[in-house]
Amino acid sequence: MENKTVTMAHGAGGKQTSELIDEVFKAHFANDDLTADDAAVLVPPAGRMAVSTDGFIVSPAFFPGGNIGKLSICGTVNDLACMGAKPLYLTCAFVIEEGYPMEKLEEIATAMEKTAKEAGVHIVSGDTKVAGKGQVDGVFITTTGMGQIEEGVTVGGELAKPGDAIIVTGDIGRHGCTILLEREDFGIDADVTSDCAPLWNTVKAVMDTTHDLHVIRDATRGGVGTVLYEIAGQSNVGIRLNAEAVPVQPEVKGVCGMLGLEPLYLACEGRLVIMASKKEAEAIVETLKKCPYSANAAIIGEVMEEEAGRVIMETEIGTQALLPQPGGELLPRIC
Amino acid sequence: MENKTVTMAHGAGGKQTSELIDEVFKAHFANDDLTADDAAVLVPPAGRMAVSTDGFIVSPAFFPGGNIGKLSICGTVNDLACMGAKPLYLTCAFVIEEGYPMEKLEEIATAMEKTAKEAGVHIVSGDTKVAGKGQVDGVFITTTGMGQIEEGVTVGGELAKPGDAIIVTGDIGRHGCTILLEREDFGIDADVTSDCAPLWNTVKAVMDTTHDLHVIRDATRGGVGTVLYEIAGQSNVGIRLNAEAVPVQPEVKGVCGMLGLEPLYLACEGRLVIMASKKEAEAIVETLKKCPYSANAAIIGEVMEEEAGRVIMETEIGTQALLPQPGGELLPRIC
Amino acid sequence: MCVGLSAKVVKINNGTAVIDADGAKREISAQLLEDLEPGDYVMVHAGVAIAKITDEDDNETEELMEEFLS
Amino acid sequence: MCVGLSAKVVKINNGTAVIDADGAKREISAQLLEDLEPGDYVMVHAGVAIAKITDEDDNETEELMEEFLS
Amino acid sequence: MKTAREIIETYDGPKVRIMEVCGTHTHEIFRLGIRKLLPKQVELISGPGCPVCVTPVSFIDEAIYLALEKDVTICTFGDLVRVPGTKMSLAGAREQGAKIHVVYSPADAEKYAKEHSEEQVTFLSVGFETTTPAGCLSVKAAREDHLDNYSILVANKTMPQAYEKLKNSADVFLYPGHVNAITGTRLCEDLTKEGISGVVAGFTAKELLTALAVSLVKFQEGKPFFVNCYPRVVTRDGSKEAQVLVDEMMEACDCEWRGLGIIPKSGMKLRKEWQDFDARIKYQMPKIEGKPNPACRCGDVLQGKCKPSDCKVFGKGCTPQHPVGACMVSGEGACSAYYQYS
Amino acid sequence: MKTAREIIETYDGPKVRIMEVCGTHTHEIFRLGIRKLLPKQVELISGPGCPVCVTPVSFIDEAIYLALEKDVTICTFGDLVRVPGTKMSLAGAREQGAKIHVVYSPADAEKYAKEHSEEQVTFLSVGFETTTPAGCLSVKAAREDHLDNYSILVANKTMPQAYEKLKNSADVFLYPGHVNAITGTRLCEDLTKEGISGVVAGFTAKELLTALAVSLVKFQEGKPFFVNCYPRVVTRDGSKEAQVLVDEMMEACDCEWRGLGIIPKSGMKLRKEWQDFDARIKYQMPKIEGKPNPACRCGDVLQGKCKPSDCKVFGKGCTPQHPVGACMVSGEGACSAYYQYS
Ligand code: SF4
Ligand code: SF4
Ligand SMILES: [Mg+2]
Ligand SMILES: [Mg+2]
Ligand SMILES: [Mg+2]
Ligand SMILES: [Mg+2]
Ligand SMILES: [Mg+2]
Ligand SMILES: [Mg+2]
Ligand SMILES: [Mg+2]
Ligand SMILES: [Mg+2]
Ligand SMILES: [Mg+2]
Ligand SMILES: [Mg+2]
C-alpha cells in the first residue's frame with residue numbers, strides 16, 4: 001500500500017478499492033469462509049439461527065482498553081451470546097473518512113482479527129465506503145453476526161421470573177466512563193479502562209453450569225439501569241436492586257461524583273446481566289469468577305412480582321426508592 | 001412521536017430510543033421474524049446460505065427514482081440475487097445525524113418497507129445510533145442480507161467461459177448520472193432518474209429460463225466497466241465489448257458529453273451483467289425483456305480466451321481498442 | 001486540450017444561451033458569438049459557446065476527402 | 001443547588017490544587033481557601049474548593065444528635 | 001437515645017411544612033426514599049433552589065441568540081442543555097448547528113477560549129452563591145490572560161431575597177449547605193428574628209436525616225430557631241475570600257426567577273470595570289422576552305402552592321423526555337423528581 | 001476513391017512523425033484504436049497540448065498554499081484534482097480539510113463566490129486559447145457583480161510559441177481544432193513559411209481519420225503545407241470577440257511549462273486594470289519553487305524525445321492510481337494513455 005491515508009479513490013470501487021481490501025482487510029480477516037465476491041456462501045447453522053446487527057460510531061475510535069474495531073466485534077458477538085447463540089459468522093461494513101490514516105485502519109483491523117479469533121467467529125464478508133472529508137467522523141463500522149442457538153437453553157428479556165437472582169458479571173460503567181473522559185475535556189485524570197470484551201466463552205461456561213437461565217443481557221448503551229428497566233417491562237416484573245452490592249470501581253465512582261452521574265447508566269461493553277433461579281445463583285457466580293472477564297461477578301438483586309415494570313433500589317439506609325428512569329443523553333451536572 | 005427531529009436522546013438507548021424504534025421502524029418493518037431483542041431468532045435457510053453486507057452513504061439521500069432507504073434494500077438484495085440466492089432476511093443499522101428531520105426518516109423507512117416487500121425479504125433486526133451534528137452527513141444505512149442459494153445454478157465472478165455472451169439488463173449509468181447531477185452544482189438539467197431496483201425476481205426469471213448461467217453481477221460502484229474488468233481478472237479471460245450495442249439513455253450520453261465522463265464507469269443500482277452460454281443468450285434476453293426492470297436488455301459482447309484480464313472495445317469504426325481501466329474518483333474534465 | 005461538445009441552441013437570453021445535447025440542457029455563455037439564434041448548432045467548451053457550427057454532424061469530411069485525396 | 005464532592009488535596013501549586021476523589025484526580029481552584037495543604041479535605045463545587053472540611057466523613061452528626069435530641 | 005430516623009418516623013407533633021430549598025437536597029431525599037419515612041403531618045416542599053429550575057425562558061433564548069445569530073460558542077454546565085426556551089432548548093440549537101460545549105467548571109470555559117482564539121466563547125453563568133465565585137474567577141483569569149474572546153452571560157442569583165418571598169410557604173427551611181459554606185450562617189441566624197426557622201443541612205443520608213430530626217424536635221419547641229447541622233463544612237463566617245471576590249466583581253440587580261417573577265436585588269451582574277466580559281454588553285443583546293408555556297405551573301410548584309401532579313400537563317405533555325417547564329428537566333426539579341420516583 | 005482509413009493503412013511513403021498537440025486528440029486516437037491502423041513508418045507523438053500535463057508543480061503548490069494557508073475555497077476543473085504537487089495533490093489537500101470545489105465552467109466558480117460571500121474563492125485558470133476566454137468572462141462578471149471574494153490563479157498558455165519550440169520534434173502537426181476555433185487559422189498558414197506543416201483536426205472518428213489521411217497525402221508531396229480539416233467549426237478568423245476580450249483583459253508573460261521549462265511570452269496574466277482579481281497579487285503569493293519528481297521524464301515525453309515506457313518509473317512507481325508526473329494523471333496525458341491502452 002503506497003497510500004498513507006484513505007482517499008476517495010479507495011471508495012470508488014476500482015483498483016484502489018481492491019488494493020485496500022486486499023492489503024488491510026483480507027490480510028487480517030483471512031479464513032475459509034471469507035469471500036472476495038459480493039456475498040459469502042456458507043453452511044447455515046444447524047437448528048435455530050440468531051442474527052444481530054449493530055453500528056459502531058464511538059468517538060474517539062481509540063480509547064484505553066480497546067478501539068472501535070475490537071468494540072465492533074465484541075458488541076455483536078455479545079448480542080449473539082445473549083441469545084445463547086454461538087457466534088459463527090460476522091460481516092463488517094466500514095465507512096471511512098477521506099484522509100483517514102492507513103496506519104490507524106490497520107490497527108483497527110488487527111484488533112478485529114484478534115477479537116474475532118478469541119470469540120471463534122469467522123469474518124465472512126465486508127464492505128468499504130469512503131465518505132468525503134467532514135461527512136463522517138473518522139471511521140464507523142457496522143457488524144452483523146450469525147450464530148447457532150445452543151439447544152436446551154432459552155433466554156430472553158421477557159423470561160425473568162419472580163424470585164430470580166440478578167447477577168452482574170463485573171464492575172459496571174467502565175466503558176462509558178472511559179469514553180466520557182477521553183471525549184470530553186473535563187480535565188479529570190483517572191485510571192479507568194474500558195471493559196470491552198467478547199463474552200461468548202463466558203456465556204458458554206455459564207450454560208455448561210446450568211440450563212436454568214432466564215435472561216442474559218449485555219449492559220451496553222444506557223448501562224445496567226436501562227437494561228433492568230427494559231427487562232422489568234418486557235417480563236412485567238419488579239426488580240429489587242441492592243445498591244451496595246453493585247460493583248463499581250472506586251475511580252468510576254470518583255468520576256461520577258465529580259460529574260454528578262449515576263454509574264448504573266454508564267455503558268458497559270463487557271458486562272452481562274444474568275437472571276436465573278435463585279438456587280443456581282451461587283454456582284453461576286462461582287463459574288463466572290473463574291472466567292477471564294468476570295472475576296468481580298456479584299448478585300445484585302432479585303426479581304419480584306410486585307412493582308411490575310419498576311426498579312427499586314435498596315439504599316444504604318435500608319429504605320427503598322425507585323431508581324430514576326434512564327433519561328436520554330448523559331450530561332454532567334453541577335446541581 | 002412528539003419530536004420533529006432526531007435528538008441525541010434518541011440514540012442514548014433509553015425510552016426515546018425505544019420510542020423511535022417503535023414509531024418509525026417497527027411501524028414499517030413489522031413481520032413475524034422482526035425482533036425487539038438484540039438478536040433475531042430465525043429458521044436458517046436450507047442448503048447453502050448466501051450472506052452479504054453493504055453500507056449506504058449516498059448523498060443526497062433523496063434523488064429522482066429513490067432514496068437511501070430503497071437503495072439500501074436493493075443493494076443487498078441484488079448482491080444476494082447475484083449469487084443465485086433468494087433473499088430471506090435482512091438487518092439494517094442506521095447512523096443518523098442529530099437534528100435529522102423525523103419526516104425524512106419516516107420517508108426512508110416507508111421506501112424500505114415497500115422495497116423489502118417487493119423483494120420478498122423480511123427485515124429481522126435493526127440498530128439505531130445518533131451521531132452528533134456534523135459527525136455524519138444526514139443518514140447512513142448498513143444492510144446485511146441472508147439468502148438461500150437455489151440448487152442447480154452456480155454462478156460466480158470466476159466462472160466466465162470463453163464463448164459466453166455478455167448481457168446487460170438495461171441502459172447503463174442512470175444511477176451514477178442522477179447522483180452526480182443532484183450532488184454537484186453543474187447547472188445541468190436532464191431528465192434522468194436512478195435505475196435503482198430490487199432484482200431477485202429478475203434473476204429468478206432468468207434462472208427459470210436456463211440453468212446454463214456462469215456470472216451474474218450487479219454493476220454498482222464503478223459501473224459496468226469496473227465489473228467487466230473484475231470478471232476478466234477473476235476468470236482470467238478477455239472480454240470483447242461492442243461499444244455500439246451498450247444501451248445508454250440519450251440524456252445520460254449528453255451529460256457525459258458535457259462532463260467528459262464515460263457512461264461505462266457510472267454506477268447502476270438496478271442493472272445486472274450476465275454471462276452465459278451463447279446459445280442461451282437470446283432466450284435470456286427475451287425473458288429479461290418481459291421483466292419490469294429489464295425491458296432494454298441487450299447482448300453487448302462476448303468472453304474470449306485471448307487478452308486475458310482485459311476488456312477490448314469494438315469501436316464505431318470497427319477498430320479494437322482497450323477500454324481504459326477504471327481510475328478512482330469520477331471527476332468531470334475539460335481536457 | 002479542450003473537450004468540445006456540439007449542441008443545439010434552444011434559447012437565447014441576454015448573452016447566455018440554453019443548449020441541448022441529447023436532452024441534457026445547460027445555460028452557457030453566448031458572449032463570444034454574435035447573433036446566435038435558437039436552432040443554431042454550437043461547439044461548447046467549459047461553459048462557453050466557442051464556435052457556431054454548420055451542423056451537428058461531421059459529414060463535411062467527405063468533401064475534404066474528395067478535394068484532397070481523389 | 002450545588003452538587004458537592006468531598007476530596008483529598010494531593011498537591012498545591014500557586015492558587016490551584018490537585019484533588020483526589022476515589023482515585024479520580026483533577027486540578028481545581030484553591031483561590032477561595034487560604035493555606036490549603038496536601039492531606040487536607042475540601043468540598044469541591046464546579047471546579048472550585050469552597051470549604052475546607054474536617055474530615056471526609058459525616059460522623060459529626062452523632063454529636064449533633066447528642067446535643068439536640070437526647 | 002432515639003436515632004434520627006426513629007425521631008422522624010415517630011413524629012406525632014403538629015403539622016409542619018419543611019421546604020428543602022436546595023435542588024441537591026431534593027435529589028438526595030428522593031434517591032434515599034426519605035419521603036416514605038415521613039408521617040402524614042410532615043410535608044416536604046421542594047423550593048426554588050435548583051438554578052436550572054429558576055432560570056427563566058428568556059435566559060435560554062439569550063444564549064440561543066448568541067449561538068445561532070452571533071455564532072458564539074456556548075460553554076455551559078450540562079444541566080442547562082435540555083432546559084426549554086421559547087422555541088427550543090440548547091440541544092435543539094445544537095441540532096441547528098450551534099456550538100454547545102459542556103464544561104465541568106467555568107475555568108474550563110475560560111481555558112477553552114484561550115485554546116480557541118478563533119472562536120468567540122460565552123459561558124452561561126448560572127447558580128447561587130456557591131457557584132458565582134467560580135464564574136468570577138474565570139473572568140479574572142480571562143483578564144489576566146488578555147482574552148478578548150471570552151465573556152459570561154450572567155444569571156447568578158442570591159438566596160436571602162427568596163427566603164423572604166417564600167417565608168409563608170414553609171414552617172422550616174432546610175438551608176442549602178453549600179450556599180452557606182460560602183455565605184456563612186449569620187444571615188440565617190438573623191432570619192429567626194423575622195420568625196423564619198431553619199437548619200443548615202448536609203447531603204449524606206446521615207446528614208439529611210439528622211437535619212430533619214433536629215428540625216422536628218426544634219419545631220415542637222414552638223420558637224423560631226436556627227441550627228447549623230452541617231458544621232464540618234459550614235462555618236459562621238463562610239468564605240471571606242469568596243465574598244470579597246464576588247463583591248469586587250459583581251453587584252446586585254433585580255432578577256427574574258422562572259415562576260416567581262422579578263425579585264428585587266436577587267440577582268448579580270458584573271460591575272462596570274468588568275463589563276468587557278459581560279456578554280449582554282459585548283453583543284449588545286436586544287431585550288428578549290421569553291414566553292414560557294402558559295400551561296406550566298413551575299412557579300406555583302416552587303412556592304409550594306401546588307404539587308407537580310396538580311399541573312394539567314404533568315406526566316402527559318410534560319415528561320423528563322419532553323420537558324415543558326424547567327422543573328421537569330434536571331433530577332433536582334421538583335416535577336422531575338415526582339415523576340421519576342413515584 | 002480510397003477511404004481515409006485505406007489511405008492510412010496502406011501508406012508506404014517515407015517515415016513521418018506526426019504530433020497530435022491536443023490532449024483530446026490523444027485521448028480519441030487511443031479510444032478509437034487508431035494507432036493500431038498505422039504502418040510502421042508513421043509515428044504518432046503526443047505533444048504538450050494537455051493543459052494538465054504542462055501545468056508545473058509550482059502551480060499546484062500555489063493552489064494548495066491558498067487552500068491550506070489562506071483558507072481559500074479552490075474552484076477547479078476536475079482535471080487538476082489529482083495532479084501531483086511537490087508534497088501533495090489537491091485531493092491530498094482536501095483530505096487535510098482544504099475546500100476543493102469542482103466546477104464545469106469558470107462561470108460556475110464566479111457564481112459560487114456570489115452565493116458564498118463568507119468564503120474567499122479562487123478559480124484555477126488553466127488551459128490554452130480555447131479556455132482562456134471563459135476565465136476572462138468570469139472575472140468580468142465578478143466585477144459587474146461587485147464581488148470582492150473572487151479571484152483567479154492564472155496559468156493560461158498560448159500555443160504558437162510551443163510550435164516553434166517543438167518544430168524539430170515532428171514533421172506534421174495535428175493542430176488542436178478548438179484552439180483554432182478561437183484563434184483562426186492564419187497563424188498556422190504562416191507557419192508553413194517557416195517550414196512547419198500541419199492540419200487542423202476535429203475530434204470525431206471520421207474527422208481524425210480524414211486529418212491523418214490528408215496529412216500523409218500532403219506530406220508525400222514534399223512541401224510545407226497547411227489544411228483546415230475542421231471547417232465546420234474552424235474559420236480563418238476565429239472568434240473576434242474572444243480575441244478582443246482576452247486582449248483587453250490579459251497580456252503575455254513568460255511562462256513555465258512542466259517538462260519544457262520557461263517559454264518566453266507563452267503565458268498570460270491579467271492586466272493591471274484587473275489585478276484585483278489576480279490571486280497572486282491579492283494574497284501576496286510568495287515565490288513558490290515546485291520540486292517535480294526527478295525521475296519523471298514528462299518533459300522528454302512531451303517533446304517526443306522518449307516514449308513513456310522509456311521512463312524508469314512508468315507502470316511501476318507511476319500509474320494512473322499513483323501518478324508521479326502530470327502526464328500520468330488525465331486520460332489525455334501521454335503516459336496515462338500508453339499505460340491504459342497498451
Ligand atoms: S409538570 Fe412540567 S409543565 Fe407542569 S409545572 Fe412541572 S415542569 Fe411545568
Ligand atoms: S511515466 Fe510518470 S514519471 Fe514517467 S514520464 Fe510519465 S508521468 Fe512522468
Ligand atoms: Mg445487535
Ligand atoms: Mg448491541
Ligand atoms: Mg445487547
Ligand atoms: Mg460492497
Ligand atoms: Mg471530522
Ligand atoms: Mg455486499
Ligand atoms: Mg453491493
Ligand atoms: Mg454487487
Ligand atoms: Mg443495537
Ligand atoms: Mg453535515
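Convention: sequence-line order gives letters A, B, ...; per-chain numbering from 1.
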> Are any non-hydrogen side-chain atoms of D:I50 and E:H178 less than 4.5 angstrom apart?
yes

> Hey, what do you get for SG (E:C136) to CD (D:Q31), rounding to the nearest 0.5 Å?
11.5 Å

> Identify which part of E:K218 has an atom lying under 4.5 Å from any heavy atom of chain D, answering side chain, backbone, both or neither.
side chain

> Could you report the tightest heavy-atom contact between E:A134 and D:A46, atom names first, then the distance?
CB-O, 4.1 Å

> E:D108 versus chain D, heavy atoms under 4.5 Å apart: side chain, backbone, both or neither?
side chain

> Using non-hydrogen atoms and a 4.5 Å limit, figure out which bit of E:Y230 sits close to chain D: side chain, backbone, both or neither.
both

> Chain D: which of E:A242, E:C53, E:G202, E:G238 shares the most heavy-atom pairs with it under 4.5 Å?
E:A242

> Does E:E115 CD have over 12 foreign heavy atoms under 6.0 Å away?
yes

> Measuring heavy-atom distances to chain D, does E:V227 have an atom under 4.5 Å in its side chain, in its backbone, in both, or in neither?
side chain

> Measure the shortest side-chain to side-chain distance between E:R232 and D:Y41 over non-hydrogen atoms and say whether it is less than 4.5 angstrom.
no

> Where on E:A107 is there a heavy atom nearer than 4.5 Å to chain D: the side chain, the backbone, both, or neither?
neither

> Please report the interatomic distance CD1(E:I182) to NE2(D:H45), rounded to the nearest 0.5 Å.
8.5 Å

> What is the minimum heavy-atom distance between D:L32 and E:P133, and which atoms define it?
CD1-CB, 3.6 Å

> Which atom pair, heavy atoms only, marks the closest approach of E:L137 to D:S29?
CD1-OG, 3.4 Å

> Nearest 0.5 Å, what's the OG-CD1 distance between E:S105 and D:I28?
9.5 Å

> What is the distance from atom OG of E:S239 to atom CD of D:E34, rounded to the nearest 0.5 Å?
9.0 Å

> Once you round to the nearest 0.5 Å, how far does CD1 of D:I53 lie from OG1 of E:T235?
13.0 Å

> Where do E:E241 and D:L33 come nearest, in terms of heavy atoms and distance?
OE2-C, 4.1 Å

